[in-house]
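In this chain, numbering begins with 1 at the start of the sequence shown.
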Amino acid sequence: MKLVVIIATLGRGSQLCRLLSHLQRQTQPPDEVVVSAPDATHVELPETSCFPVSLVFGKKGSCVQRNSALDHTSGRFDVVTFFDDDFVPADDYLERVTRAFEEHDDWAVVMGRVVKDGAVNAGLDWHDAMLALHQSEQEPPPQPEVVDHLGAYGCNMSIRAARIGKLRFDERLVLYGWQEDIDFSSQLRSCGRVVAVNTIRGIHLGIKTGRVSGERFGYSQIVNPVYLIKKGTMPATFALPLMARNVAANLVRSVRPESYIDRRGRLRGNILAMLHVLTGRIEPEYVLDMGRIRHPGDPHS
């Protein structure tokens with residue numbers, strides 16, 4: 001099977017370079033890596049590489065950048081693997097992904113187990129990731145487990161290319177594209193299983209730079225799931241608890257917010273989004289019109 005890795009990146013050139021160097025340790029290297037960025041200023045490449053690296057430039061936003069890469073790779077590969085630029089795969093990640101698709105014709109989407117996820121805290125550095133991967137290798141191998149999911153976690157998801165066809169990420173989910181991974185991958189359940197495999201491992205650093213402002217992200221936390229409910233790609237039983245958890249977290253923690261999250265900005269975005277939804281205005285792209293407001297200690301603005 002021919003496998004391509006797609007990495008959409010923004011403002012993280014040094015991290016991208018480190019990831020591309022790390023991918024050369026794969027027991028089964030990718031046949032190609034496609035880096036999608038707004039322009040060359042966002043890209044740093046290692047001096048040498050054991051696999052070809054293609055660059056695709058265009059509009060900014062996770063969905064449109066991933067779509068540009070999909071158009072570039074269309075018809076040339078059997079497996080498409082999406083990595084966030086701050087995801088660090090175990091050295092056997094791609095080998096295990098390829099084997100999974102070879103052994104299971106009914107699998108459309110495969111995601112690995114995130115051993116540690118910096119997205120839920122202040123984030124991890126490269127040393128943290130290497131240490132966590134090493135520790136996971138020293139532990140007794142887990143009993144292989146496959147779990148079906150509504151959709152995949154976009155920081156690491158692989159798709160049987162033949163199932164993609166003309167399907168693309170929804171570009172109305174602009175900028176950070178909150179929940180674009182669920183929207184895209186859940187549509188593939190009609191042609192195969194969407195599974196998580198615990199023997200495929202990696203670390204998500206959860207780097208906080210390169211993301212959108214607190215207000216914009218908070219707005220997307222509400223409007224995007226509502227939009228996807230209407231679209232039919234996210235059931236209300238999944239979306240409503242997701243929104244409730246986010247609003248509750250932003251409300252409670254806005255009293256004493258973490259230094260790395262603009263909770264108050266997110267809460268303002270939540271409230272504005274709820275007002276818009278109540279008036280029937282469900283426009284994910286509205287965040288493009290929101291003024292960029294900076295607040296002390298807001299690393300996202």
Side-chain angles (χ1 to χ4, degrees), residues 62-63 84 86 111 113-124 147 149-155 170 172-186 196 204-301:
S62 61
C63 290
D84 278 4
D86 61 347
M111 60 177 167
R113 174 169 61 100
V114 179
V115 177
K116 292 189 72 173
D117 192 353
V120 300
N121 52 43
L124 307 171
V147 179
H149 282 257
L150 166 69
Y153 188 8
C155 73
D170 190 336
R172 289 194 66 186
L173 304 176
V174 296
L175 301 179
Y176 187 55
W178 176 245
Q179 298 301 305
E180 92 288 358
D181 46 4
I182 296 293
D183 171 57
F184 181 83
S185 58
S186 67
H204 186 209
L205 299 181
I207 295 175
K208 302 301 186 281
T209 59
R211 297 197 177 186
V212 298
S213 70
E215 286 88 351
R216 285 173 167 168
F217 188 67
Y219 190 90
S220 297
Q221 284 182 317
I222 300 299
V223 166
N224 287 15
V226 174
Y227 168 73
L228 296 179
I229 291 174
K230 289 193 64 178
K231 183 178 176 180
T233 58
M234 180 180 286
T237 52
F238 180 93
L240 295 178
L242 173 67
M243 290 186 285
R245 288 194 302 270
N246 287 326
V247 173
N250 294 335
L251 180 62
V252 171
R253 295 175 185 172
S254 64
V255 178
R256 296 184 62 184
E258 306 95 323
S259 61
Y260 51 89
I261 296 179
D262 178 17
R263 289 291 180 185
R264 293 168 187 169
R266 289 188 183 187
L267 185 60
R268 286 192 295 271
N270 291 162
I271 294 170
L272 177 60
M274 287 187 282
L275 290 173
H276 280 188
V277 169
L278 289 173
T279 60
R281 183 174 186 175
I282 303 171
E283 301 174 0
E285 58 269 47
Y286 174 76
V287 295
L288 296 174
D289 298 326
M290 295 173 68
R292 185 165 182 167
I293 305 172
R294 292 185 180 273
H295 298 278
D298 176 13
H300 300 307
S301 64

For [X], which residues count as a side-chain hydrogen bond (donor to acceptor under 3.5 Å, both in side chains) partner, sequence neighbours excluded?
X      : result
Asn250 : Gln221, Arg263, Asn270
Tyr153 : Asp117, His204
Arg281 : Glu283
Asn246 : none

For Arg172, the salt bridge (charged side-chain N to carboxylate O under 4.0 Å, His left out) test, sequence neighbours excluded, returns Glu285
At their closest point, which heavy atom of [X] faces which heavy atom of [Y], and how far apart are they?
X      : Y      : value
His149 : Val147 : CD2-O, 3.2 Å
Leu173 : Cys63  : O-SG, 3.5 Å
Gly151 : Met111 : O-CE, 3.7 Å
Ile182 : Ala152 : CD1-O, 3.9 Å
Gly206 : Asp86  : N-OD2, 3.1 Å

Rounded at 0.5 Å granularity, tell me how far [atom1] in [X] sits from [atom2] in [Y].
X      : Y      : atom1 : atom2 : value
Phe238 : Met243 : CZ    : CE    : 10.5 Å
Asn121 : Tyr260 : CG    : OH    : 6.0 Å
Asp289 : Arg216 : CG    : CZ    : 9.0 Å
Glu215 : Ser220 : CD    : OG    : 11.5 Å
Ile271 : Leu251 : CD1   : CG    : 8.0 Å

Describe, in one word, how the ring planes of Tyr286 and His276 are oriented to each other, choosing from parallel (under 30°), tilted (30 to 60°) and perpendicular (over 60°).
-> perpendicular
Just by modelled atom types, is the Ser254 backbone N or O under 3.5 Å from a matching donor or acceptor in the Arg264 side chain?
-> yes
Donor-acceptor list for residues 222-236 side chains, cut-off 3.5 Å, not counting sequence neighbours:
| from | atom 1 | to | atom 2 | distance (Å) |
| --- | --- | --- | --- | --- |
| Asn224 | ND2 | Trp178 | O | 3.0 |
| Tyr227 | OH | Asp170 | OD2 | 2.6 |
| Lys231 | NZ | Asp170 | OD2 | 2.9 |
| Lys231 | NZ | Asp183 | OD1 | 3.1 |
| Lys231 | NZ | Asp183 | OD2 | 3.1 |
| Thr233 | OG1 | Asp183 | OD1 | 2.7 |

